[in-house]
Amino acid sequence: MFHSWVLYLTKNRMRRIYLDYTATTPVDKRVVDAMAPYFTSTFGNASSIHSFGREAKAALEQSRESIASVIGSRSSEVYFTSGGTESDNTALFGVAAKFGGRKKRLIISSIEHHAILHSAEILRKNGFDVIILPVDPQGVVSEEALLESVTPDTFLVSIIHANNETGVIQNLPRLTAIAHEKGALFHTDAVQSFCKMKFGTEEAGIDLASFTAHKIYGPKGVGALFVKRGIDWQPLLHGGSQERNRRAGTESIPLVVGFSKAAELAAEEMQSEHDRLSRLNSLLRDIISQRVPAALFNSPAKNSLPNILNVSIDSTKMEIDGEALIINMDLVGIAVTSGSACSSGSLQPSHVIKALGRDDNTTMATVRFSFGRYTTEDELAIAAEKFAEIVGRIGKRKKASLNAS
Ligand SMILES: Cc1ncc(COP(=O)(O)O)c(C=O)c1O
């Protein structure tokens, strides 16, 4: 099948290969079709009591049921938001506001998404005590460190389920049990793991979880926050009584319908897709291992999402400009991301890759390959070959490594 994101540019006939599915995914055509009527014919405001409003409300509640069934919760525990960032912010600020007076400690990990890290930073500035847990070289959060840091004064522990840069997966039931022993609530950012692996809110034992639609072939601008029944929290947005007084603002029915359709499809196809992506991951890993001797894999081979392979070039073996690497990949039509964040026009080493113990130069020379529903074996083989060729061309092997080989 010829997809629009694998374009043969008529001008230079260059084939573009999209390998940045962790950043976002194209919207599945089946999702677009499900959303379409809610822009035009079924456009009512879900708060109106007339028939147009009731139709919109029915679609909203049906979508809530769908998401709840995918995450194994009650529908009354699902609150629609504008996406992962809002869900993360609501979890941290919402719980802090309710418990903050009595409890002052928030625990997060060193490999959280900025939606958590920056929110935690604001809480710290507002007088909260924020503890950042280390990870081991595989990116696994230290349970010992959590045991030592969690106190009766801890209102929330928030640990990312599967990391967005490396894919490493945390053991949520164990971490949650440690938090609960000291009376702390547990939140997880499940944005990347959602529909990519089995996830049940009850099995994981968690109290709050964040999700978004645009990583699972749904639209951008919609997500959800799961909050276990009985937990009190303060809304972020105030105004109308939407989302049972927890999130003011007219609900976007097309987005919510698209989100639930995307989740239903991804959940149905999860196992076969997991197996297929695991095979693609091994293929990519094998080619890079053979062709790029200076490659260091930041994604663990086990306990990691199959759709992400994060690779650094070892600075003790090779000198390479990470930005030039990404640009050269783009010039040959391959869209990948570096492990760096761009702030004020200059690249900063990724806090996630640094947390694994990599030095700054190795961290800067990082590439994240992330793939998905429309990626073929052929595309990954081309990307791996091009990567090896570019590393060989623009990297300078260091003397010690030349002598060793
Ligand atoms: C782990 C993680 N959390 C949160 C977010 C933010 O989600 P959204 O883009 O829906 O605000 C992202 C998106 O990159 C993510 O990867």
Side-chain angles (χ1 to χ4, degrees), residues 18-27 31 67 71 78-94 108-122 132 135 139 141 156 158-170 172 175 187-197 199 204 206 208-226 236-237 247 249 252 255-256 258-260 262-263 266 298-299 304-310 335-343 350-353 355 366 368-372:
Y18 183 75
L19 295 178
D20 200 12
Y21 278 76
T22 311
T24 198
T25 56
V27 181
V31 171
I67 297 291
I71 64 171
V78 173
Y79 299 87
F80 287 115
T81 65
S82 63
T85 302
E86 186 188 324
S87 298
D88 282 348
N89 274 254
T90 307
L92 263 59
F93 292 115
I108 63 170
S109 81
S110 53
I111 59 164
E112 297 301 312
H113 187 270
H114 282 127
I116 294 289
L117 277 182
H118 291 170
S119 300
E121 204 40 54
I122 292 170
I132 303 182
V135 295
V141 172
L156 186 69
S158 180
I159 311 269
I160 190 166
H161 189 199
N163 182 264
N164 49 303
E165 290 188 37
T166 69
V168 63
I169 296 163
Q170 307 299 331
L172 291 187
L175 296 168
H187 165 257
T188 190
D189 176 334
V191 160
Q192 293 292 346
S193 58
F194 183 45
C195 292
K196 308 232 176 66
M197 56 182 287
F199 175 83
I206 50 170
L208 300 101
S210 303
F211 306 97
T212 198
H214 73 101
K215 314 284 185 186
I216 58 158
Y217 313 93
K220 292 168 186 60
V222 63
L225 177 66
F226 156 79
L236 212 58
L237 300 179
R247 203 266 183 182
S252 172
L255 294 185
V256 161
F259 180 26
S260 66
N298 300 313
S299 303
S304 195
L305 290 180
N307 61 315
I308 302 180
L309 189 69
N310 188 304
V336 285
T337 315
S338 75
S340 314
C342 190
S343 84
S350 148
H351 65 282
V352 173
I353 306 304
T366 295
R368 177 186 69 184
F369 296 87
S370 61
F371 28 99

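Along the sequence shown, residues carry numbers from 1. When a ligand or atom number is given, it counts from 1 through the structure's own listing order.
Counting only distance, with no hydrogens or angles, the side chain of E165 and the backbone of H113 share no donor-acceptor pair below 3.5 Å. Under a 3.5 Å cut-off, the side chain of S370 and the backbone N or O of Y21 do form a donor-acceptor pair. Judged by distance alone, the side chain of S87 and the main-chain N or O of A224 form a donor-acceptor pair under 3.5 Å. With S193 contributing its side chain and A162 its backbone, the two residues share no donor-acceptor pair below 3.5 Å.
Closest approach of I169 and L305 over heavy atoms only: CD1-N, 3.8 Å.
At a 4.0 Å heavy-atom cut-off, the residues surrounding ligand 1 are G83, G84, T85, D88, H113, I160, N164, D189, V191, Q192, T212, H214, K215, listed by chain and number.
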_side-chain hydrogen bond (donor to acceptor under 3.5 Å, both in side chains) between S119 and N89, intermediate numbers included_ = CA-CA 6 Å; S119 300; N89 274 254; 3.2 Å; yes
